[in-house]
Amino acid sequence: MNTVAPPAPAGLPATAGPPAPPAPAGLRTRYCGLVGIEDVGKQVHVCGWVARRREHGEHLAFLDVRDHTGVVQCVVDGASALRPEYVVRVTGTVRRRPEGTANDQLATGDVEIGDCVVETLNESEPPPFVLGSPGQVDEAVRLRYRYIDLRTERMQANLRLRAVVNAAIRRSMDRQGFLELETPLLWTPTPEGAREFAVPSRHQRGAFYVLPQSPQIAKQLAMVGGIDRYYQIARCMRDEDLRADRQFEFTQLDLEASFVGERDVRAFVSDAVAEATESATGERPSEFPEMTWSEAIDRYGSDNPDLRFAMELVDVTAVLAATQFTAFRAPAVKAIVLPGGAELGRARLDALVERARGLGAKGLVWMRAVQGEAGSGAEGALDLASPVAKFLAADERAGIAARTGARLGDLVLLVADAHRTACEVLGQIRLDLGRPPVDEGPRRFVWIVDFPLFDGTDDDGRPQAAHHPFTMPHPDDLELFATDPLAVRAQSYDLVLNGWELGSGSIRIHRADIQRKVFAALGIDEHEAQARFGFLLGAFRYGAPPHGGFAFGIDRLVALLAGEENIREVIAFPKTQSGSDLMTGAPGELSARQLRELGIRFLEP
RNA sequence: GGACCUGUGGUGCAGCUCGGAGUGCACGCCGGCCUGUCAAGCCGGAGGUCGCGGGUUCAAAUCCCGUCAGGUCCGCCA
């Protein structure tokens with residue numbers, strides 16, 4: 001019995017995409033989607049689900065039989081007893097389709113299986129929705145019957161793509177000498193960061209495990225333990241509110257390495273991501289450029305910039321240094337240009353102003369690039385028309401136009417505020433106005449580096465850790481702790497793809513003196529440090545090597561590679577935004593006995 | 001914790017502004033016809049707590065209040 005691997009898609013190396021299925025065994029000798037011209041004349045057995053039935057009287061019917069590889073047409077003498085989603089085994093002879101009846105929409109469209117004997121292996125009730133029907137099926141219905149939804153081409157492709165990505169990541173990690181290590185799912189509470197899922201202990205009444213929000217501390221302990229290079233495709237749990245790109249539980253590539261610096265870690269991760277991308281798409285990303293955090297904020301108003309489109313932020317503060325217009329007398333004035341946006345109507349513009357206010361700006365100024373009118377000071381040249389134009393001098397308007405490069409018919413949007421606010425508000429509006437759909441455009445990876453160690457201050461004026469308190473400060477910035485802690489850079493870095501944060505990492509602090517410095521800046525005293533991180537600090541007393549690592553979300557990477565807006569589309573059994581599993585009904589109640597054993601009684605709300 | 005959108009036979013929608021009999025469309029389902037279809041076609045049929053509760057009204061899918069579920073976002077995610 002000879003099997004035929006699926007042909008590689010045109011232009012892609014044969015390594016891309018899911019691996020060829022193994023040789024058929026058991027009840028079948030061929031996969032539905034792989035029956036081809038080379039099988040003509042052979043008797044085959046295929047197994048699968050009835051996708052469609054087209055009857056033409058008592059003695060002719062076409063049966064589309066589907067398995068995970070695709071669909072093949074079977075010609076049957078009478079099919080009235082067969083219904084969609086019946087499980088069948090078809091025995092017949094492969095033949096070329098009669099002249100003029102080939103279907104070029106179908107991979108197997110040149111052939112069909114004739115003289116079929118159909119064995120019904122199982123019947124099916126009519127499915128709650130038609131597979132492959134035009135128009136979307138409500139996602140709640142799909143999730144309630146996920147086991148049926150998984151049969152769709154979309155879910156099959158996404159989940160197989162996910163497996164391809166996982167395999168590529170393992171390949172890369174293995175090649176780079178990383179050891180796959182499993183860390184506990186039952187961990188100890190660490191009262192900081194994301195809210196944790198709690199698991200009551202039966203043996204120790206009143207004590208709890210928590211499900212790890214990440215294997216962060218465990219992998220650092222592995223470094224102390226001489227593992228050298230660790231990785232894990234790790235499930236992480238965070239009891240925080242859900243979003244299109246966030247589930248309670250998610251999967252990340254978690255890695256950590258000893259005796260390495262930032263660039264080494266980024267190289268490890270870049271290789272894994274490149275390997276995964278190449279395996280999924282056939283194209284290996286050629287570059288993983290680096291951009292500093294401050295440049296990303298300045299040019300894109302975001303620390304996860306989408307580089308697929310321009311519309312970069314322009315700083316016009318200098319142009320307006322001496323302006324009489326009080327709204328523009330701010331620490332920073334930033335602008336973006338919407339090409340052709342001058343035709344936007346007043347309602348749209350008002351909505352943009354509202355949007356900016358909703359994002360925390362004091363306001364938003366819009367200016368249309370027009371032909372200068374007589375008496376405007378810009379006769380015949382490009383001028384900016386706006387309700388506030390009269391408050392600006394002609395040279396200020398000209399300066400804005402020149403600095404932003406606005407052309408006739410464009411719309412200039414300006415926000416004046418604190419630098420960070422102005423950037424972030426316009427950065428969001430840039431996305432609102434210009435962001436391409438997720439499945440469009442090139443894949444633009446970018447490393448964001450030189451994050452600040454602290455991100456703002458809390459109510460007491462204490463700096464807040466931007467990442468986590470074990471992040472190593474930049475060696476050149478240690479003196480700034482005393483003078484300007486908010487200016488201290490961290491040896492931390494994020495990997496961003498098309499505006500999605502894939503993950504983040506850092507070099508960790510392995511020396512007690514630097515750790516004390518950071519704890520002091522954060523207002524964590526010795527007692528609190530011991531209470532919260534005692535076992536980690538204890539381990540660090542016994543020879544912690546310099547180390548650093550990274551973690552990136554596999555759900556997000558796969559979603560982007562699959563062109564999906566929502567990570568639920570690449571997760572077999574996801575939960576809804578309120579955390580329910582519509583299929584199982586989870587979360588559910590425990591029996592009285594289970595509660596008794598755990599010593600749990602409920603308080604009235 | 002908050003904002004917005006959605007909820008109508010099994011599925012997807014229209015109907016809702018301006019209240020008047022569960023009205024309509026497509027798919028699916030059931031039965032019949034049909035020998036080259038492939039979202040097969042034609043004919044016939046069944047199928048409804050208009051998410052749920054309350055209110056206004058002579059009368060509510062439609063207006064009002066509440067609530068539940070799903071989605072997107074803000075907060076949150078060191």
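These numbers come from the heavy atoms of this one structure, side chains and all, not from hydrogens, waters or symmetry mates. On a predicted model such as this, the values are computed, not experimentally measured, just so you know.
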Gap in Å between the two [atom1] atoms, one belonging to [N] and one to [M], rounded:
N     : M     : atom1 : value
B/C27 : B/G9  : C1'   : 13 Å
B/A40 : B/G2  : P     : 48 Å
B/U6  : B/G22 : P     : 24 Å
B/C42 : B/G28 : P     : 11 Å
B/G66 : B/C77 : P     : 30 Å
B/A61 : B/U17 : C1'   : 14 Å
B/A26 : B/G41 : P     : 12 Å
B/U56 : B/C43 : C1'   : 48 Å

Tell me which nucleotide among [options] gets nearest to the side chain of [X].
X        : options             : result
A/Asn566 : B/U72, B/C38, B/U11 : B/U72
A/Pro128 : B/C38, B/C76, B/G10 : B/G10
A/Asp241 : B/C77, B/G1, B/G71  : B/G1
A/Arg246 : B/G71, B/C76, B/C38 : B/C76
A/Val75  : B/C77, B/C38, B/G36 : B/G36
A/Val137 : B/U11, B/G36, B/U35 : B/U11
A/Ala140 : B/C73, B/G70, B/U11 : B/G70
A/Gln577 : B/G71, B/C76, B/G70 : B/G71
A/His56  : B/U11, B/U72, B/A40 : B/A40
A/Val141 : B/C77, B/G36, B/U11 : B/U11

Between the side chains of [X] and [Y], is a donor N or O closer than 3.5 angstrom to an acceptor N or O?
X        : Y        : answer
A/Asp254 : A/Tyr230 : yes
A/Gln73  : A/Arg54  : yes
A/Gln220 : A/Gln216 : yes
A/Ser506 : A/Arg508 : yes
A/Gln232 : A/Thr183 : yes
A/Glu262 : A/Ser492 : no

Checking all strands, does [X] fall into the base, sugar-phosphate, or nothing category for heavy-atom contacts under 4.0 angstrom?
X        : result
A/Ala102 : base
A/Leu143 : nothing
A/Glu112 : base
A/Ala61  : nothing
A/Asp138 : sugar-phosphate

Measure distances between side-chain N and O atoms of [X] and base N and O atoms of [N], and say whether any donor-acceptor pair falls under 3.5 Å.
X        : N     : answer
A/Glu55  : B/G32 : no
A/Gln73  : B/U37 : yes
A/Arg95  : B/G36 : yes
A/Arg568 : B/G71 : no
A/Asn103 : B/C38 : yes
A/Arg97  : B/C38 : yes

Less than 4.0 angstrom between a side-chain N/O of [X] and OP1 or OP2 of [N], yes or no?
X        : N     : value
A/Arg54  : B/A40 : yes
A/Ser578 : B/G70 : yes
A/Thr576 : B/G70 : yes

Given atom [atom1] of [X] and atom [atom2] of [N], what is their separation to the nearest angstrom?
X        : N     : atom1 : atom2 : answer
A/Gln213 : B/C76 : CD    : P     : 16 Å
A/His468 : B/C77 : NE2   : C1'   : 15 Å
A/Leu359 : B/G75 : CG    : C1'   : 13 Å
A/Asp64  : B/U37 : CG    : C1'   : 9 Å
A/Glu569 : B/G71 : CD    : P     : 11 Å
A/Glu85  : B/C27 : CD    : P     : 19 Å

Report, one pair per line, the protein and nucleotides 28-31 of chain B atoms (nitrogen or oxygen only) whose separation is under 3.5 Å.
from	atom 1	to	atom 2	distance (Å)
B/C30	OP1	A/Arg83	NE	2.7
B/G31	OP2	A/Arg83	NH2	3.1

Determine, using ring centers only, whether [Y] and [X] are less than 6.0 Å apart.
X        : Y        : result
A/Phe451 : A/Tyr493 : no
A/Phe550 : A/Trp447 : yes
A/Phe470 : A/His510 : no

Open item on the list: Listing request: all side-chain hydrogen bond (donor to acceptor under 3.5 Å, both in side chains) pairs with a residue in residues 521-534 of chain A, at least two apart in sequence or in separate chains.
Closed with: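 Listed by first then second residue: A/Glu192-A/Arg532, A/Glu528-A/Arg532.
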Open item on the list: Using 0.5 Å steps for rounding, measure from the CG atom of A/Asn498 to the CZ atom of A/Arg556.
Closed with: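 Going from CG on A/Asn498 over to CZ on A/Arg556, the span is 13.5 Å.
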Task: Euclidean distance, A/Phe540 CZ relative to A/Phe533 CZ, rounded to 0.5 Å - done: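 Between A/Phe533 CZ and A/Phe540 CZ, I get 11.5 Å after rounding to 0.5 Å.
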Task: salt_bridge(A/Arg357, A/Glu354) N-O dist < 4.0 Å - done: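 A salt bridge links A/Arg357 with A/Glu354.
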Using purine N1 to pyrimidine N3 plus N6-O4 or O6-N4 for Watson-Crick, or N1-O2 and O6-N3 for G-U wobble, both under 3.5 Å, which nucleotide pairs with [N]?
N     : answer
B/C76 : none
B/U57 : none
B/C25 : B/G12
B/A69 : B/U6
B/G31 : B/C43

Distances under 3.5 Å between protein N/O atoms and the N/O atoms of nucleotides 4-6 of chain B, please, pair by pair.
none

- [ ] Indicate whether A/Phe62 forms a stack on B/U37; treat it as stacked only if centroid distance is below 5.5 angstrom and interplanar angle below 30 degrees.
- [x]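 Stacking is present between B/U37 and A/Phe62, given that their ring centres fall under 5.5 Å apart and the planes under 30°.
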- [ ] Specify the closest pair of heavy atoms between A/Ile448 and A/Ala296, including all atoms of both residues, with the distance to one decimal.
- [x]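 What the structure gives for the nearest pair is CD1-CB, 4.0 Å.
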